[in-house]
Amino acid sequence: MAQKIPQERIKKILKILRRTYPNVKTALHHRNPLELLISTILSAQCTDKRVNQVTETLFSKLRTVRDFAGVSLPDLEEMIRSTGFYRNKAKNIKACCRDILKKHGGKVPDNMEALVRLPGIGRKTANVILGSSFGIPGIVVDTHVKRLSQRIGFTTEKDPIKIEFDLMAAIPKKDWIDFSHQMIQHGRALCTARKPRCPECPLRDLCDYGCNAA
DNA sequence: CTCCCGATAT
DNA sequence: ATATCAGGAG
């Protein structure tokens, strides 16, 4: 909806984020779009540290779309169990790869419409893949981007998809990919859910939360 | 809205 | 003990 936060302030925030996190990219270890897709499915409600720990072994055993499409569910479940939601994730990963094989010639789709039609892939996961594997601009609204956007005052919405569109309206398209990574990094480093370190925050003078809370 | 779910920080 | 971690589907 209507962005109440002035353009002037947005410019300053983007500038500080770029300066504070100059070369951020996804923390999910991957070598190709397939590995990123699987890592991102696994990352739901799980730390990227654990995902990387699991995928190191997983990707040494299963390498191709065919491998994942043909794996036995109990085997896959056991390999990813520690990431939580492991039954849903295993089922979705396998079904995803079967669809990619059948409907997309074994290639991970490079557009939003096709990606969100795959089982277990919503706009957040799709935007991660589009941005980091194909360089296609999108804003990743995960738990961090949601929380920070609300705290800073970018949005008053609660639905991640509405937040995504609020952010797209407020932020230049060329900044979407880096902005997502910078917000996620900032959420992990300082603007944490439980005990945000507002006094140390480079955005403290531009934020509605913490020190400046009403 | 609820359910899926293990691991870790607080 | 409980909130939270790069969510998505029914």
Side-chain angles (χ1 to χ4, degrees), chain A residues 17 21 23-30 33-59 73-74 76-100 108-109 112-134 136-151 154 157-165 167 176-198 209:
Chain A
L17 283 174
Y21 310 102
N23 291 320
V24 280
K25 52 186 175 64
T26 174
L28 270 16
H29 297 170
H30 66 284
L34 174 64
E35 290 189 353
L36 181 58
L37 181 151
I38 291 166
S39 295
T40 309
I41 289 177
L42 294 178
S43 73
Q45 296 297 292
C46 180
T47 60
D48 51 294
K49 182 179 173 184
R50 169 128 338 245
V51 172
N52 289 333
Q53 184 178 319
V54 163
T55 56
E56 183 174 1
T57 308
L58 183 66
F59 294 159
L73 269 184
L76 184 55
E77 287 175 0
E78 190 47 39
M79 287 188 273
I80 69 171
R81 193 175 53 80
S82 70
T83 65
F85 299 159
Y86 61 92
R87 290 191 192 89
N88 282 336
K89 288 175 181 177
K91 180 160 50 67
N92 287 332
I93 287 170
K94 181 172 179 179
C96 239
C97 288
R98 290 179 97 92
D99 276 14
I100 291 172
V108 174
M112 176 63 76
E113 307 81 72
L115 283 169
V116 296
R117 242 180 279 134
L118 295 172
I121 300 199
R123 292 191 62 93
K124 178 263 171 180
T125 301
N127 275 320
V128 170
I129 296 164
L130 290 172
S132 292
S133 278
F134 300 115
I136 296 170
I139 296 181
V140 175
V141 182
D142 70 336
T143 184
H144 295 298
V145 174
K146 177 183 179 185
R147 181 180 66 251
L148 271 62
S149 294
Q150 291 166 339
R151 284 180 177 172
F154 279 133
E157 298 289 348
K158 294 175 182 173
D159 174 20
I161 296 179
K162 290 182 179 174
I163 294 175
E164 183 189 335
F165 281 89
L167 292 173
W176 288 356
I177 296 176
D178 287 346
F179 172 78
S180 301
H181 290 140
Q182 287 155 359
M183 290 278 277
I184 291 165
Q185 188 55 42
H186 189 58
R188 293 180 6 134
L190 285 181
C191 193
T192 51
R194 287 244 200 150
K195 210 179 69 174
R197 296 152 67 182
C198 297
Y209 190 75

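Letters A, B, ... are given to chains in the order of the sequence lines, protein chains preceding strands, and every chain is numbered from 1.
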**Student:** Does Arg123(A) CZ have over 12 foreign heavy atoms under 6.0 Å away?
**Tutor:**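 More than 12 heavy atoms, drawn from other residues, nucleotides or ligands, come within 6.0 Å of this atom.
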**Student:** What interatomic distance, in whole Å, is found between P of dA6(C) and the corresponding atom of dA9(B)?
**Tutor:**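 One P to the other, the span is 12 Å.
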**Student:** When Ser43(A) is tested against each of Thr47(A), Ile41(A), Thr40(A) for side-chain contact (heavy atoms from CB on, under 4.5 Å), which residue passes?
**Tutor:**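 Only one option passes, and that is Thr40(A).
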**Student:** Closest approach of Met112(A) and Ala126(A), non-hydrogen atoms and distance?
**Tutor:**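 Smallest interatomic distance, heavy atoms only, reads SD-CB, 3.6 Å.
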**Student:** For the residue pair Tyr21(A) and His186(A), confirm or rule out a side-chain donor-acceptor distance under 3.5 Å.
**Tutor:**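 Side-chain D/A pair, Tyr21(A) to His186(A): present.
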**Student:** For DNA chain B, which residues of residues 139-151 of chain A approach it to below 4.0 angstrom with any heavy atom?
**Tutor:**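 Within this stretch, nothing sits under 4.0 Å of the strand.
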**Student:** Grab the N/O contacts between the protein and nucleotides 1-4 of chain B below 3.5 Å, and write none if there aren't any.
**Tutor:**
none

**Student:** Side chain to side chain contact (heavy atoms under 4.5 Å, CB included), that's the test. Do Leu42(A) and Leu28(A) meet it? Break it down for me.
**Tutor:** CA-CA 10 Å; Leu42(A) 294 178; Leu28(A) 270 16; over 6 Å; no
**Student:** State, to 0.1 Å, how close Pro119(A) and Ala95(A) come at their nearest heavy-atom pair, and which atoms those are.
**Tutor:**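 Smallest heavy-atom distance, with atoms named: CG-CB, 3.6 Å.
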**Student:** Which sits closer to the 5' end of DNA chain B, Gly84(A) or Arg194(A), going by the nucleotide each is nearest to?
**Tutor:**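 With Gly84(A) and Arg194(A) compared, the 5'-side residue is Gly84(A).
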**Student:** Backbone N or O of Asp142(A) within a donor-acceptor pair of the Lys124(A) side chain at under 3.5 Å?
**Tutor:**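 Absent.
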**Student:** Specify the closest pair of heavy atoms between Ala90(A) and Glu77(A), including all atoms of both residues, with the distance to one decimal.
**Tutor:**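 For Ala90(A) and Glu77(A), the tightest heavy-atom pair comes out as CB-CG, 3.5 Å.
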**Student:** Looking only at atom C1', what distance separates dT4(C) and dC5(B), rounded to whole Å?
**Tutor:**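 After rounding to an integer number of Å, I get 13 Å for this pair.
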**Student:** Measure from NZ on Lys91(A) to C1' on dC5(B) and round the result to the nearest Å.
**Tutor:**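 Atom-to-atom, Lys91(A) to dC5(B), this comes out as 14 Å.
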**Student:** Among residues at least two apart in sequence or on other chains, which ones pass ring-ring contact (aromatic ring centres under 6.0 Å, His included) with Phe179(A)?
**Tutor:**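 Phe179(A) satisfies ring-ring contact (aromatic ring centres under 6.0 Å, His included) with Phe154(A) only.
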**Student:** Judged by atom type as modelled, is there a donor-acceptor pair below 3.5 Å linking the side chain of Thr55(A) to the main-chain atoms of Asn52(A)?
**Tutor:**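 The answer is yes, because a donor-acceptor pair under 3.5 Å joins these two groups.
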**Student:** Grab the two heavy atoms, one from Pro109(A) and one from Leu115(A), that are nearest each other, plus how far apart they are.
**Tutor:**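 Closest approach of Pro109(A) to Leu115(A), heavy atoms only: O-CD2, 3.6 Å.
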**Student:** Taking the side chain as every heavy atom from C-beta outward, state whether Trp176(A) and Asn127(A) have any atom pair closer than 4.5 Å.
**Tutor:**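 A side-chain contact is absent here, since even the closest heavy-atom pair is not under 4.5 Å.
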**Student:** State, to 0.1 Å, how close Arg151(A) and Ala193(A) come at their nearest heavy-atom pair, and which atoms those are.
**Tutor:**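 Heavy atoms of Arg151(A) and Ala193(A) come nearest at NH2-O, 3.1 Å.
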**Student:** First and last nucleotide of DNA chain C in contact with chain A, 5' to 3', at under 4.0 Å to a heavy atom: what are they?
**Tutor:**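 The contact span of chain A on DNA chain C goes from dT2(C) to dA9(C).
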**Student:** Just checking Leu118(A): base, sugar-phosphate only, or nothing, at a heavy-atom cut-off of under 4.0 Å?
**Tutor:**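 Sugar-phosphate, backbone atoms only, no base.
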**Student:** Would you jot down, in residue-number order, the residues of residues 121-130 of chain A having a non-hydrogen atom under 4.0 Å from DNA chain B?
**Tutor:**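 Listed by number, there are none.
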**Student:** Check whether any side-chain heavy atom of Thr26(A) sits under 4.5 Å from a side-chain heavy atom of His181(A), and report yes or no.
**Tutor:**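 Answer yes - side chains close enough.
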**Student:** Can you tell me how far apart CD (Gln53(A)) and CG (Asp48(A)) are? Round to the nearest 0.5 Å.
**Tutor:**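 The distance works out to 11.5 Å.
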**Student:** In the structure I gave you, are the side-chain heavy atoms of Ile184(A) and Val145(A) within less than 4.5 Å of one another anywhere?
**Tutor:**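 Ile184(A) reaches Val145(A) side chain to side chain.
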**Student:** Check each residue of residues 35-57 of chain A for a non-hydrogen atom within less than 4.0 Å of any atom in DNA chain B, then write out the ones that pass by number, or none.
**Tutor:**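 Contacts with DNA chain B under 4.0 Å: Gln45(A), Arg50(A).
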**Student:** Mind checking the P distance from dC4(B) to dA1(C)? Whole angstroms is fine.
**Tutor:**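 My reading of the P atoms in dC4(B) and dA1(C) gives 23 Å.
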